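One structure below.
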Protein chains: 2
Amino acid sequence: MVEDASPALREVMAGLAPYAGQAHVIGLTGAPGVGKSTSTSALVSLMRARDRRVGVLAVDPSSPFSGGALLGDRVRMEEHALDPEVFIRSMATRGHLGGLSWATPQALRVLDAAGCDVVLVETVGVGQSEVEVAAMADTTLVLLAPGMGDGIQAAKAGILEIGDVYVINKADREGADQLRRELRSMLALGTGADEGWTPPIVRTVASRGEGLDDLAQAIEDHRTWLGDHDQLRVRRLRRAREEIEAIALTSLRERWRDVHDHTDLDELAGAVVAGETDPYTAADRLLAAVGG
Amino acid sequence: MVEDASPALREVMAGLAPYAGQAHVIGLTGAPGVGKSTSTSALVSLMRARDRRVGVLAVDPSSPFSGGALLGDRVRMEEHALDPEVFIRSMATRGHLGGLSWATPQALRVLDAAGCDVVLVETVGVGQSEVEVAAMADTTLVLLAPGMGDGIQAAKAGILEIGDVYVINKADREGADQLRRELRSMLALGTGADEGWTPPIVRTVASRGEGLDDLAQAIEDHRTWLGDHDQLRVRRLRRAREEIEAIALTSLRERWRDVHDHTDLDELAGAVVAGETDPYTAADRLLAAVGG
């Protein structure tokens, strides 16, 4: 229903409201090829070994294939497919009104209210939407791998502000030590760290299960830090603000796109293209037209 | 003024309105490391040889360093720095209200009204924001390079729907032929192509200037196709719609974030976190509070 933006969603969300707020939301991001799906799958195994109920949202903002997940990911997650305490969902929400920022927090809310102790949100790519998704997580893991581009490229990819824990996966490969050194010095330059929390750098070889206990410990440490410093509440307030805003904005866009049968916005766009008016004046008129 | 969201921007944009609409806007995107900056620089040289005035917007949604561009890019663009017919600007707009979708079309509008014949918009990364930026271009170039991850990874990066022209850069490297084959078969599966336009695949070695005439020809062909099929108007209407919407939404967000001193949204977020209300009801209340 979230993916289809079902009209009945409103009623469902009202019913779920009292049950949400228990899950630890862990975001997992990084460039293509660093091993996100393998790491997610390994983390699920780890959480299941600790008897946690686990939700996985694999968020792919731009997959050209319907369903979002490609065969490789499905194969990697197959070992969990029959476990009734694991719920896995791939979402491809590009093109939807409001897109990721609309659907992801609501999907999180559903998994949370369904009793998941942990929800892993795996995002593909390195763009703005990943930063938005990271903003929804309690704990954000940023994955890197040797040989996937140097430190400068990692900085360009903009992931050095958002990590609570950095993971160098494929750490048995050449270049892992250098990547770690570069990452450490770049993190020292950055402004991303929360005051009082120094993001640890964990080395893993997810495909062989190496380093995962260290990773689980780092995640647990961050969860404890969040609780001890009132940061869990801060992050959840932020998530709720984003969620409310996304729903409100989508509702407005629907009003001026659909209810008015495209007329207002299309006419205004035509006037801007013709140079008859400027976009600010057009925006004022649009808001006036929908009562904003 | 665009980058600072200056209050005087409204007046400036009103003054520029009659002068925009002439530039050919070329988007250039691809994963980190495929050679976007080198290709942009080479394209600038090519356009200058044809006596075109050129604007370059290097859009980096998430650079942790202020100013957006890293040293490497600056060095690569230095050869054009003293040319008065070339205007180069790096924008790092993450965190800004409305972000890229707000600032980029307005910066484009300024360069367009300033008489640039061509504006190149170079985006870093492979996420949602790049897709949004691509939606602003008349012609979108998608760069790939051998050895930067296989075809499946390219598909995951979601760039196979947005290209009008595909560029295999570093085409002298091993794997270029295979990448071309994979790309061709994936494009055949995809849904991205406009009816009547088959995206060409051009091979370049931008650092040595190889293949750039072919690339210029492919860009020119697409520009001609746009004009012949009324697609230029369609794309510019789309860009104007996005621009108006982004300004209108930003204006609304400012109202409920700033004018109300955070009260409405923060209170509602608190109620959602506490499970006292659901995000849909909260969104309704938020819109009612600002008269929407």
Side-chain angles (χ1 to χ4, degrees), chain A residues 10 13-14 17-18 20-21 32-33 60-64 70 72 94 99-100 124-131 149 152-153 155-158 160-161 190-192 236-237 240-241 243-245 247-249 251-253 265 268-270 272-273 275 277-283 286-287 291-292, chain B residues 10 13-14 17-18 20-21 32-33 60-64 70 72 94 99-100 124-131 149 152-153 155-158 160-161 190-192 236-237 240-241 243-245 247-249 251-253 265 268-270 272-273 275 277-283 286-287 291-292:
Chain A
R10 165 181 289 268
M13 285 296 171
D60 186 342
S62 48
S63 166
L70 290 161
R94 175 181 163 203
L100 276 183
V124 174
V126 291
Q128 182 89 346
S129 50
E130 284 64 41
V131 173
I152 295 288
Q153 295 294 351
K156 287 180 76 168
L160 293 179
E161 277 190 344
T191 57
R236 285 169 182 193
L237 277 173
R241 277 199 302 269
E243 188 178 3
I244 296 168
E245 277 205 316
I247 292 171
L249 294 176
S251 153
L252 270 174
R253 297 181 86 162
L265 185 53
L268 290 165
V272 168
V273 168
T277 191
D278 67 278
Y280 282 83
T281 306
L286 186 63
L287 288 173
Chain B
R10 165 182 289 268
M13 285 296 170
D60 186 341
S62 47
S63 167
L70 289 161
R94 175 182 164 203
L100 276 183
V124 173
V126 290
Q128 181 90 346
S129 49
E130 284 62 42
V131 174
I152 294 290
Q153 294 295 349
K156 286 179 76 168
L160 293 180
E161 277 190 344
T191 57
R236 285 168 182 193
L237 278 173
R241 276 199 302 268
E243 189 178 3
I244 296 168
E245 277 205 316
I247 292 170
L249 294 177
S251 154
L252 270 174
R253 296 181 87 160
L265 185 52
L268 290 165
V272 169
V273 169
T277 191
D278 67 279
Y280 281 84
T281 305
L286 186 64
L287 287 174

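Remember, it's a predicted structure, so these values are computed and weren't measured experimentally. So you know, we letter chains A, B, ... as the sequences are listed, proteins then strands, and number each from 1.
Contacts of B/Thr281 classified as side-chain hydrogen bond (donor to acceptor under 3.5 Å, both in side chains), with partners at least two apart in sequence or in another chain: B/Asp278. Among residues two or more places apart in sequence or in another chain, the side-chain contact (heavy atoms from CB on, under 4.5 Å) test is passed with A/Ala240 by B/Ala269, B/Val272, B/Val273.
Nearest heavy atom pair, residue A/Ala283 against residue B/Ile247, reads CB-CG2, 3.6 Å. The two residues A/Ala248 and B/Leu287 have their closest heavy-atom pair at O-CD1, 3.8 Å. Closest approach of B/Tyr280 and A/Met13 over heavy atoms only: CE1-CG, 3.7 Å.
With rounding to the nearest 0.5 Å, the separation of CG in A/Leu268 from CD in B/Glu245 is 11.0 Å.
The residue among B/Gly270, B/Gly275, B/Gly21, B/Ala20 with the most heavy atom pairs within less than 4.5 Å of chain A is B/Gly275.
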